Structure formats: C-alpha cells, structure tokens
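Taking it in order: structure first as structure tokens, then the write-up.
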Protein chains: 2
Amino acid sequence: MSKVLVVDDDLDMLSLVRAALEKDGHLIDTEADATAVQPARCQQYDLLLLDVMMPGEDGFSLCRRIRAEVDCPILFLTAKAEDAALVQGFGLGADDYIKKPFSLAELRARVNAHLRREVRQPTHTLSRGGVRFDMQAKAAIAGEHTLPFTRGEYAICEHLALHAGQVFTKEQLYEAVFGFEAEGDPSAVAEHIKNIRAKLKADAISPIETVWGVGYKWRKNSVL
Amino acid sequence: MSKVLVVDDDLDMLSLVRAALEKDGHLIDTEADATAVQPARCQQYDLLLLDVMMPGEDGFSLCRRIRAEVDCPILFLTAKAEDAALVQGFGLGADDYIKKPFSLAELRARVNAHLRREVRQPTHTLSRGGVRFDMQAKAAIAGEHTLPFTRGEYAICEHLALHAGQVFTKEQLYEAVFGFEAEGDPSAVAEHIKNIRAKLKADAISPIETVWGVGYKWRKNSVL
DNA sequence: CGCTTCCTTATAAAATCCTTAAAAATGGCT
DNA sequence: AGCCATTTTTAAGGATTTTATAAGGAAGCG
C-alpha cells in the first residue's frame with residue numbers, strides 16, 4: 001500500500017486517475033492547485049503524479065520547486081508530445097513522462113513499476129500454493145493482504161511450504177519449529193494446523209493436506 | 001559514467017543506440033544474441049536495454065530469466081504498442097518500456113532518468129513511511145518539524161527504517177546501535193521503542209510493528 | 001549542579017501457547 | 001453395510017511467555 005499524490009487542474013482526470021490507481025490498493029490524494037503543494041507535504045508520499053499543463057503554476061515549475069526536497073519518484077502526465085518538452089521534464093528530475101492520451105493499464109503499470117523499484121530489496125521470499133513467504137519480515141501474504149499468523153503458526157507454515165510434498169509427523173513439526181527438545185504434546189501442533197487452515201480459508205486456499213496416520217504436508221502441485 | 005548493456009538482434013539499431021548513449025558519457029556494451037546473456041554477466045551493468053522482439057530468445061524471456069539476480073533497471077525497446085504487452089513487460093519487473101519509433105532524445109532522457117535515480121539512492125537522506133532521515137545531521141523529520149529523538153532513539157529508528165521490512169530482535173537492535181558487545185538488557189530497547197512511538201504519535205504515524213516473539217520491524221509498503 | 005540520556009526495575013496488559021475434552025472423520029473389520 | 005477402534009478436528013480455558021507502560025536511579029555533559 002503506497003501513498004500517491006496526483007496534481008491536475010482537470011477534476012475529471014483526477015477522479016479517473018484515482019479510480020485506476022485505487023484498483024492497485026494505493027492511497028490516493030488529489031490536488032487541483034499546484035501552488036498549494038509544498039515540499040513538506042510531498043514528503044509523506046511515495047510517488048507524485050503531476051500534470052504539465054495547468055493554469056497558474058505548471059507541472060515543470062512545481063517539480064523544479066520541490067525536487068530538491070522530495071526523494072520519491074515524480075511522474076509527468078502531459079499532452080505535449082514534443083521531444084523538447086519531454087527532455088526538459090526529465091532534466092528537471094522527473095522519473096517518467098506519460099503522454100496523453102494514455103491507457104489506464106499503462107498508467108497503472110508505470111506507476112507500479114516505479115513504486116516497486118522503491119521497495120526492491122534483496123528479500124528472501126518463497127511463493128507456494130498462493131501464499132508468499134517473506135522470510136525476513138516473517139510474514140505470509142495471500143492475495144493482497146498479510147495473513148495474521150502468530151510466530152508458531154508462521155514457522156510451521158513456512159517449514160511445510162519450504163519442504164512442499166514431504167510429510168511431517170506432528171513431532172517432527174514441533175521439533176523443526178522449536179528446536180530439538182520436542183517436549184510438546186502433538187495435539188498442540190494440531191491446534192496450530194487448525195488455526196492456520198482457518199486463516200487461509202478466508203482466501204479460499206487450503207494447501208495443507210493431512211496424511212492419515214502419519215502427519216501433514218504442503219500440497220506440491222498447487223492448484224491455484 | 002555508467003555501464004549499459006544493450007541487447008538487440010538488429011545491428012543497425014545497436015550502433016544507433018550506442019552512439020546516442022555515448023553522447024552522455026556512458027560505457028556501452030552490445031549483444032545480439034539474447035541466449036548468450038547470463039545473469040552473472042549482467043551484474044556488472046548499471047542498466048539493461050532489451051529489445052522485445054528477437055529471434056531465438058525474446059526480451060521478455062530474457063528478463064524473466066535474469067530478473068531475480070539482477071538489481072539494476074531494465075528497459076524494454078519495442079515495436080509492440082499494445083497495452084497487454086506493455087503491462088506484461090512491467091509485470092516481469094521492467095522499469096520502463098520505450099515504444100518504437102522513439103526519438104534518440106527520448107531514449108537518452110529516459111536512460112539518464114533511470115541512471116540518475118540509481119545514484120540518488122546512496123544519498124544521505126532517506127524517506128520512509130512519512131519520516132525523512134537526514135543521516136548526516138542525525139535528524140528525523142516528520143511533516144513540518146524535527147522529531148526530538150535522542151541519539152539512541154534516532155539510531156534505532158534509522159536502522160529499522162534503513163532495513164524496512166526486516167525483523168530485528170531486541171538484541172540485534174542493541175548490537176546494531178552500540179556495536180559489538182551487546183551486553184544490554186533487552187528491555188532497554190523496549191523502552192526506546194516506546195519513546196519513539198510516543199514521539200511519532202504526535203504526527204499520527206506508527207511505522208514500527210512488533211512481531212510477537214521475535215522483535216520489531218519498520219513497515220514496508222508492499223507493492224504486489 | 002542541573003540537565004539530558006540511558007538503563008534498570010517493577011507492574012500491568014496483551015498475546016500466544018498448551019492442555020484438556022468432546023465431536024467428527026477415517027479405515028478396517030465382521 | 002454396519003460397527004468399532006483409532007486418529008483427526010474442533011472448541012474452550014488456563015498457564016505461560018512476551019510486550020507495554022511507568023517510575024526511579026546511575027552515568028555523562030555542559
């Protein structure tokens with residue numbers, strides 16, 4: 001979830017852009033008056049989308065005014081297709097230049113590409129059966145939202161997913177999660193499995209199979 | 001001066017692009033055969049420019065193959081102007097998508113914009129979650145005013161923000177802030193976290209999440 | 001000395017984990 | 001098919017662990 005500020009004097013354009021970007025789960029603020037945009041205000045956003053042609057202050061001027069103090073990507077929306085204007089825009093520190101008329105698909109793709117770059121980091125992630133594990137953040141993500149796993153639940157879940165297809169007894173799972181001293185009641189693991197399944201159910205996925213008389217395993221060929 | 005690799009089967013195009021980018025002082029390598037491009041080789045470049053339509057392996061396939069191991073910006077050159085292809089390209093982790101025919105001015109402007117962004121990162125200021133860190137001044141700014149952090153509070157806060165998304169135990173945080181001998185009571189860290197949160201609360205932002213049983217982390221805007 | 005910062009301690013609050021017990025499901029048996 | 005023994009699932013409650021909060025004292029610094 002990222003915060004985006006859109007500056008355009010055309011109110012129709014604002015609502016159009018807002019609707020498009022909100023589909024990707026972003027938080028959109030809009031502003032029709034460029035002169036009202038101060039550097040300090042921009043610092044809370046992850047990306048700025050500026051129209052070039054506006055009465056009063058235009059997008060170029062606004063960019064020039066705030067660039068020094070704003071670190072996030074700045075994208076221009078423009079009807080001017082001339083190279084000179086485009087080069088000028090990039091020269092002011094812009095990160096992209098989207099020519100009108102643009103498709104909403106392109107707008108979304110470009111905005112997301114810039115936001116993604118901001119958070120692109122060497123993360124150890126694993127995707128299995130519709131669930132994405134961020135091993136650094138110790139978080140599991142399904143669809144658009146983070147699953148509210150507890151530490152134990154996450155650990156069991158990650159271990160199963162990491163060794164998808166392999167069957168683990170309750171004792172093995174307990175040991176894998178809490179180290180060697182597996183002094184735990186097997187039913188404690190069953191309890192966790194139950195909770196995990198309940199939380200996954202909200203996203204209509206159930207990758208954990210029970211092997212009767214043996215234990216549990218993560219389904220290997222995920223039918224997503 | 002940056003190193004750029006251009007992959008295109010069209011030799012005329014290669015020399016054209018090379019000439020254009022060399023005007024900006026970049027070092028250009030070219031490659032006509034996509035299958036010959038290995039991830040390890042790409043890691044020495046600051047930017048990759050890939051043609052989409054190539055005999056043998058196309059640009060999309062190449063991107064897919066190397067993206068996980070290559071961290072630099074990847075730009076597509078393409079004649080395909082359809083939205084679907086464009087969205088697909090961005091979906092593969094591309095950073096820009098330049099439609100043929102493009103002007104050399106636009107090409108240069110876009111390439112330079114991406115390269116500039118890369119070097120903007122190692123600057124001494126960082127903006128995350130509504131807080132801007134001035135690492136030189138050791139000051140954190142939220143909204144209009146400087147946060148009254150103590151030295152230790154600032155250090156913990158900066159370390160968390162710098163490694164947004166990653167979970168740190170109290171011991172790790174203490175060590176990260178005071179170096180080697182982490183002979184500190186974990187509850188001292190908890191105390192600092194409390195104070196940090198209290199001071200951030202005035203600006204209605206709370207980017208620090210507690211991962212129960214593990215530690216703390218700075219919330220990362222996850223862009224799926 | 002007064003001030004800030006940091007650490008410690010103590011207590012309250014919260015969340016998780018485990019245990020227990022009953023209900024449901026499974027597989028094998030006659 | 002029907003029944004039984006075993007295993008799994010579900011549910012609820014208390015015990016345990018971890019975190020949040022508050023207050024007091026030691027150490028550094030002007």
Side-chain angles (χ1 to χ4, degrees), chain A residues 137-140 146-160 167-202 205-219, chain B residues 137-140 146-160 167-202 205-219:
Chain A
K138 302 273 182 207
T146 300
L147 295 164
F149 282 155
T150 69
R151 174 184 45 164
E153 288 164 8
Y154 174 83
I156 288 176
C157 212
E158 179 192 294
H159 188 260
L160 283 173
V167 184
F168 295 92
T169 67
K170 299 187 184 67
E171 290 79 4
Q172 285 175 322
L173 277 177
Y174 197 92
E175 188 182 320
V177 170
F178 296 104
F180 310 101
E181 42 177 305
E183 193 61 40
D185 193 313
S187 59
V189 174
E191 154 77 3
H192 288 150
I193 295 282
K194 186 199 72 163
N195 291 332
I196 292 171
R197 282 173 167 161
K199 287 167 184 174
L200 286 174
K201 192 155 197 172
I205 48 185
S206 57
I208 297 178
E209 292 179 348
T210 127
V211 180
W212 215 85
V214 186
Y216 303 95
K217 74 169 180 183
W218 191 277
R219 198 180 323 136
Chain B
K138 302 282 179 199
T146 300
L147 294 164
F149 282 156
T150 68
R151 187 171 50 253
E153 288 165 6
Y154 174 83
I156 289 176
C157 211
E158 178 193 295
H159 188 261
L160 283 173
V167 183
F168 294 93
T169 66
K170 298 187 185 67
E171 289 79 5
Q172 286 175 321
L173 279 177
Y174 196 92
E175 188 182 320
V177 170
F178 295 103
F180 343 96
E181 43 179 302
E183 193 57 44
D185 193 314
S187 58
V189 175
E191 158 75 4
H192 288 148
I193 295 282
K194 187 198 72 163
N195 291 332
I196 292 171
R197 282 174 167 162
K199 287 167 184 174
L200 285 174
K201 194 157 196 172
I205 48 185
S206 57
I208 297 178
E209 291 179 350
T210 124
V211 180
W212 212 89
V214 185
Y216 301 95
K217 73 171 179 185
W218 191 276
R219 193 173 345 112

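Only a predicted model underlies this, so the values are computations on that prediction, with no experimental measurement involved. All heavy atoms count here, side chains included; hydrogens, waters and symmetry mates do not. Within every chain, numbering begins at 1; the chains are lettered A, B, ... in the order of the sequence lines, protein sequences first and strands thereafter.
Here NE2 of B:H192 is found 11.0 Å from CG of B:L173. Values are rounded to the nearest 0.5 Å. From A:T146, atom OG1 reaches atom CD of B:E209 across 8.0 Å, with rounding to the nearest 0.5 Å.
Taking side-chain N and O atoms only, B:Y174 has a distance below 4.0 Å to OP1 or OP2 of C:dC7. For the OP1/OP2 pair of C:dC7 and a distance below 4.0 Å, the side-chain nitrogens and oxygens of B:S187 include no atom meeting the criterion. The side chain of A:T210 contributes an N or O atom lying less than 4.0 Å from OP1 or OP2 of D:dT9. Between B:K170 and D:dT18, a side-chain N or O to OP1/OP2 separation shorter than 4.0 Å is absent. For B:Y216, a side-chain nitrogen or oxygen approaches OP1 or OP2 of D:dA20 to under 4.0 Å. Taking side-chain N and O atoms only, A:R197 has a distance below 4.0 Å to OP1 or OP2 of D:dT9.
Side-chain atoms of B:K199 come within 3.5 Å of backbone N or O of B:P148 as a donor-acceptor pair.
If you find the closest nucleotide of DNA chain C to B:R151 and to A:G152, the one lying nearer the 5' end belongs to B:R151. Take the nearest nucleotide of DNA chain D for A:G215 and for B:V214: the residue whose nucleotide is more 5' is A:G215. Residues A:E153 and B:H192 both approach DNA chain C. Their nearest nucleotides, taken by heavy-atom distance, put B:H192 toward the 5′ side.
What you find for A:A139 and B:K217 is that their closest heavy atoms are CB-NZ, 4.2 Å. Heavy atoms only, all atoms of each residue included: B:A190 and B:K170 are closest at CB-CE, 4.2 Å.
Closest approach to the B:A188 side chain among D:dA20, C:dC17, C:dT8 is made by C:dT8 (side chain taken as heavy atoms from C-beta onward). When distances are taken from the side chain of A:E191 to each of D:dT17, C:dC18, D:dT7, the shortest belongs to C:dC18. For B:K194, counting side-chain heavy atoms from C-beta on, the closest listed nucleotide (C:dT19, D:dT9, D:dT21) is D:dT21. Nearest nucleotide to the A:W212 side chain, out of C:dC18, D:dT19, D:dT6: D:dT6.
Put simply, CD1 on B:I196 is 13 Å from P on C:dT5, counting in whole angstrom units. Put simply, CD1 on B:I193 is 13 Å from P on C:dC6, counting in whole angstrom units. Rounded to a whole Å, the CD1 atom of B:I156 is 12 Å from the C1' atom of C:dC7. Atom NZ in B:K201 sits roughly 12 Å away from atom C1' in D:dT21 (whole-Å rounding). Atom CD of B:E209 is separated from atom P of C:dA14 by 19 Å (rounded to the nearest Å). Spacing between atom CG of B:N195 and atom C1' of C:dC7 amounts to 12 Å, rounded to whole angstrom units.
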